[in-house]
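Within every chain, numbering begins at 1; the chains are lettered A, B, ... in the order of the sequence lines, protein sequences first and strands thereafter.
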Amino acid sequence: MITLKLPDGTLKKLAPGTRAIDVAEGIGKRLAQIAIAAKLNDQIIDLNRELSVPSETETSAGTAEKTAEGASEAKEGTEAIPFVILTEKDSDALAVLRHSCAHIMARAVMRLFPGTQLAFGPATETGFYYDISSPIPITENDFPRIEEEMKKIVKLAEPFERFERSVSAGRTLVADLGQEYKVEHIDDELKKYPQLSFYRQGEFIDLCRGPHIPHAGRIGAFKLLSIAGAYWKNDSSRPQLQRLYATAFFSEKELKEYLVQIEEAKKRDHRTLGKQLRLFTISQQAGQGLILWMPKGAMVRSLLENFIRDELLKRGYSPVYTPHIGRLDLYRCSGHFPYYRDAQYPPLYYHPGAAAVDLCQYRLGAGFLDEKKEREMQLYLEGVGLLIPGYAEATTQEAKLDKVHHYILGVIEAMSIPIPDYAQAATPTERSAALFAWLQAQEGYLLKPMNCPHHIQIYKAQPRSYRDLPVRLAEFGTVYRHEQTGELNGLTRVRGFTQDDAHLFVTPDQVESELEANIELVLFVLKTLGLSDYRVRISLRDPASDKYVGAMELWNNAEQTLQKVVDKLGMPFEVALGEAAFYGPKIDFIVRDCIGRSWQLGTVQLDYNLPVRFDLEYTGSDNQAHRPVMIHRAPFGSMERFFGILIEHFAGAFPLWLAPEQARVVTVSEKFVDYAKKVEAEFRQHGFRITGDYRSEKIGAKIRDASLEKIPYILVIGEKEQNNQQVSLRDESLADMKARDLGASSVQDVIAKLSREVQEKRLHQIQKASIQFDSATKFAE
RNA sequence: GCCGACUUAGCUCAGCUGGUAGAGCAAUGCUUUCGUAAAGCAUAGGUCCGGGGUUCGAAUCCCCGAGUCGGCUCCA
């Protein structure tokens with residue numbers, strides 16, 4: 001016997017075999033009509049499924065593992081289980097609808113492209129996709145006929161019928177259907193479940209955990225949006241499939257609204273606004289991913305930098321400056337050069353043969369590689385143009401290493417590179433060591449990928465006492481990372497960027513308070529700019545991975561401290577295993593751009609490892625040498641990315657304190673230019689960034705131009721103002737155009753008003769982002 | 001790096017199935033001297049992303065490359 005607890009608190013005892021739809025019918029006919037699915041103890045289920053206690057329902061395959069823990073508590077059949085009928089108003093119901101629409105899309109594709117292999121087809125925050133592989137690749141030109149086919153299916157309003165099979169029978173079924181990816185998925189993951197669930201709709205059968213809408217007729221509107229490549233199981237070493245993106249709604253109206261929202265969002269895209277407002281540019285000739293800050297963008301950046309610099313000085317930081325390049329040895333010691341080699345610009349050597357030696361040393365030093373690592377290595381070597389004869393064709397690791405050996409031997413001879421030890425070296429390890437010894441003497445340099453090693457040198461440049469700690473070294477440090485071409489994106493993903501970086505060298509017992517102070521600094525910065533829509537992520541080590549450096553105790557210690565501080569501050573956060581930096585765990589602050597992509601901004605990272613690598617010390621009160629702990633932190637993250645997000649956040653209309661041009665004087669006619677120029681000069685004297693528009697245009701045109709440039713205030717000067725020694729103020733931040741004209745006041749009053757606004761860093765009203773993301777899956781990446 | 005689409009004047013974009021380019025805005029000049037989102041007229045402006053190829057002829061078709069965009073993978 002199951003007892004349900006309805007949202008209004010009433011309890012309902014169920015006879016065995018009762019379905020969710022029966023419960024809905026029992027509550028009311030109308031509810032049963034508008035019902036989409038049901039939610040039993042946080043698990044969404046089909047209306048047509050018999051209700052049973054959650055611990056049993058999830059024995060079937062594909063059911064989310066994560067519900068297991070919640071369900072185990074409610075195992076007792078006597079306890080009332082929370083139960084809700086989901087209707088069109090619930091965002092969970094929309095996700096169900098979209099998942100069902102994914103099935104319909106797959107069904108349509110199967111009809112039009114026989115032989116199509118299906119992979120996964122989940123709902124997303126704003127729609128759904130289905131990963132497929134068809135014998136003839138699908139293009140956007142095929143969208144209309146796929147949509148036509150889908151319309152036919154929706155019109156028939158056939159039900160989604162669930163049925164279950166044992167793993168072996170289910171495997172046979174998908175194999176008979178010719179669905180190889182599904183077979184692989186059963187073998188890889190689903191075989192641990194006792195039962196597999198399937199959904200049938202007409203001729204279409206799909207392995208699927210559900211749930212689904214009762215029948216296809218509930219789909220009010222849908223649209224195919226785009227097509228992209230996606231790797232099977234998100235693994236770049238597996239085959240690439242085609243991912244068909246689409247969206248669906250209960251009504252045509254909602255779909256239209258969504259499409260309008262997307263158009264609106266594009267208007268506030270920082271790449272569009274950056275061009276329009278002349279904030280920054282990227283030139284193909286200067287190089288991709290390298291931002292050229294135009295005067296207006298540079299002004300905003302400089303104001304942001306001043307803001308954060310003032311805050312740092314208040315908080316006991318010491319500004320430092322370090323160069324853009326550093327010796328390779330520095331980055332060998334820190335671990336950055338070997339670890340992130342493929343994401344860096346190539347090292348700079350004087351010797352013309354050094355690049356080849358360097359790469360061959362790298363390959364020899366890597367030794368025997370497994371299949372995946374070897375594939376990555378080969379791609380890397382090809383990417384940097386090192387084509388070793390016979391390497392790709394060699395089938396064993398021994399043979400490959402031998403090819404490298406013969407190749408570099410030839411280079412050494414041809415270029416007369418003096419590495420006498422190489423001839424004696426017999427193993428790949430010895431050969432690598434011989435090459436490395438020579439390379440180390442070569443004075444290679446690296447465009448710096450991180451500022452920490454330089455700051456560490458500053459720390460080490462003098463003896464440190466526990467009395468000096470914390471040492472807080474801050475710099476707007478520019479770093480370079482050779483991001484993959486496909487990753488580059490406006491200001492949010494670039495190859496050269498400036499971090500508002502600082503490194504704190506602290507005693508172990510200062511770690512907690514310094515971490516806390518830094519998280520508070522990040523929160524303060526975000527608050528000042530009105531960025532409230534962010535989430536906090538604690539990134540910890542993946543215990544199964546070997547990519548991390550340093551002792552286990554240190555990691556455990558660091559991770560515990562981070563958790564403790566965040567718990568203490570009482571902010572919501574999520575834990576991400578495997579997202580830690582290779583040297584330590586971190587706390588990241590993540591925001592979204594106008595089209596919903598998540599980007600990491602501020603970060604606070606704990607590091608017990610670099611102090612060891614660089615043998616950092618301070619003298620304690622016991623007169624003994626102790627190891628300091630490092631904290632890496634950047635409240636903005638990168639100036640470029642932060643600026644990009646800020647442009648979108650303000651839709652280009654920066655608050656007065658940040659606006660590159662704060663006010664513009666416009667004259668009614670040329671007769672008032674002399675007075676207007678005096679007013680302009682007066683404002684400039686008071687530190688305002690102001691210009692005058694003295695063209696022989698009509699006043700309306702000048703106001704329009706200033707408005708389009710998103711200048712916060714317009715100062716209008718005509719006969720009246722000139723006679724009374726006043727200015728008329730127009731506030732461009734007001735949504736209501738008619739209310740913008742604030743009337744005339746004295747120049748002094750306006751200066752005082754605007755000065756106050758700057759002083760307070762007051763935020764103009766911010767146009768809210770137009771796309772409403774599904775709150776249920778908020779910020780899913 | 002991978003999959004796909006795209007790249008035409010400073011910007012936004014037309015240019016049908018091959019016959020060597022056009023609009024609006026911006027710019028410049030002249031006229032206009034105007035009261036809160038676009039005055040009028042005129043002028044100038046193009047390596048149709050780059051390189052090959054097919055063709056009598058290529059912005060248009062094919063190949064290679066670069067860049068941008070949407071995803072995937074990666075992200076210190």
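When the C1' atom is used for both B:rU28 and B:rU68, the distance is 31 Å, rounded to whole Å. Rounded to whole Å, the C1' atom of B:rG22 lies 13 Å from the corresponding atom of B:rG45. Atom C1' of B:rG70 sits at a distance of 23 Å from the matching atom of B:rC11, rounded to the whole Å. The same atom, P, is picked in B:rC2 and in B:rU60; the two are 25 Å apart, to the nearest Å. Across B:rC62 and B:rA23, the matching C1' atoms stand 31 Å from one another, rounded to whole Å. Rounded to the nearest Å, the gap between the C1' atom of B:rA26 and that of B:rA38 is 13 Å. Distance check on atom C1': B:rG10 versus B:rC63 gives 32 Å, rounded to whole Å. Rounded to a whole angstrom, the distance from the C1' atom of B:rU12 to that of B:rC6 is 15 Å.
Within a 6.0 Å sphere centred on CD of A:Glu140, other residues, nucleotides and ligands contribute more than 12 heavy atoms.
With respect to A:Lys266 and A:Glu263, a salt bridge is recorded, a charged nitrogen being found less than 4.0 Å from a carboxylate O. Using a 4.0 Å cut-off between a side-chain N of Lys or Arg and a carboxylate O of Asp or Glu, A:Arg271 and A:Glu648 do not qualify as a salt bridge. Salt bridge absent: A:Glu697 and A:Arg704 never bring a charged side-chain N and a carboxylate O closer than 4.0 Å. Under the 4.0 Å criterion applied to side-chain N and carboxylate O atoms, A:Lys296 and A:Glu661 are assigned as salt-bridge partners. Of the charged side-chain nitrogens involved, at least one lies within less than 4.0 Å of a carboxylate oxygen, so that A:Arg327 and A:Asp329 count as a salt-bridged pair. Ionic pairing of A:Arg664 and A:Asp705 is not present here: no N-O contact between side-chain nitrogen and carboxylate oxygen is shorter than 4.0 angstrom.
Here A:Asp342 lies out of heavy-atom contact (under 4.0 Å) with every strand. Using a 4.0 Å heavy-atom distance criterion, A:Lys720 is classed as a base contact. When heavy atoms are screened at a 4.0 angstrom cut-off, A:Glu579 is found touching no nucleic acid atom at all. A:Ala706 comes within 4.0 angstrom of nothing in the nucleic acid, heavy atoms only. Residue contacts for A:Leu379: at a heavy-atom cut-off of 4.0 Å it reaches no nucleic acid atom on any strand shown. Contact annotation for A:Arg271: backbone-only contact, meaning every heavy-atom pair under 4.0 Å involves sugar-phosphate atoms and none involves a base. When heavy atoms are screened at a 4.0 angstrom cut-off, A:Gly700 is found touching the sugar-phosphate backbone but no base atom.
Using the Watson-Crick or G-U wobble rule with both distances under 3.5 Å, B:rU54 pairs with nothing in any strand shown. Under the Watson-Crick or G-U wobble criterion, with both distances below 3.5 Å, B:rA59 has no partner in any strand shown. The pairing partner recorded for B:rC49 is B:rG65, the criterion being a Watson-Crick or G-U wobble arrangement whose two distances lie under 3.5 angstrom. The base-pairing partner of B:rA23, taking Watson-Crick or G-U wobble contacts with both distances under 3.5 Å, is B:rU12. The pairing partner recorded for B:rC75 is none, the criterion being a Watson-Crick or G-U wobble arrangement whose two distances lie under 3.5 angstrom. Both distances falling under 3.5 Å, in either a Watson-Crick or a G-U wobble arrangement, place B:rG29 opposite B:rC41.
Among the nucleotides B:rG67, B:rC11, B:rG71, the one closest to the side chain of A:Arg243 is B:rG71. Counting only heavy atoms from C-beta on, A:Arg597 has its side chain closest to B:rG70 among B:rG1, B:rG35, B:rG70. In the set B:rA76, B:rC34, B:rA27, B:rC34 carries the atom at the smallest distance from any side-chain atom of A:Ser669. Ranking B:rA76, B:rG67, B:rU36 by closeness to the A:His336 side chain, first place goes to B:rA76. Picking from B:rA39, B:rC2, B:rG67 the nucleotide with the shortest atom distance to the side chain of A:Ser696 gives B:rA39. With B:rA76, B:rC34, B:rU12 as the candidates, the nucleotide lying closest to the side chain of A:Val668 is B:rC34. In this structure, the nucleotide among B:rG70, B:rU36, B:rG4 sitting nearest to the side chain of A:Ile227 is B:rG4. Proximity note for A:Ala228 (side chain, C-beta onward) versus B:rC2, B:rA37, B:rG70: the nearest is B:rG70. Checked against B:rA76, B:rC11, B:rC72, the side chain of A:Ala581 finds its nearest nucleotide in B:rA76.
For the pairing with A:Phe120, the ring pair (Phe, Tyr, Trp, His ring centres under 6.0 Å) check across A:Tyr181, A:Trp232, A:Tyr130 returns one residue only, A:Trp232.
A:Arg243 forms a cation-pi arrangement with A:Tyr129, by the criterion of a distance under 6.0 Å to the ring centre and an angle within 45° of the ring axis.
With its ring centre under 5.5 Å from that of the base six-membered ring and a plane angle below 30°, A:Tyr340 counts as stacked on B:rA76.
For the segment residues 445-453 of chain A, residues with any heavy atom less than 4.0 angstrom from an atom of RNA chain B are, sorted by number, A:Pro449, A:Met450.
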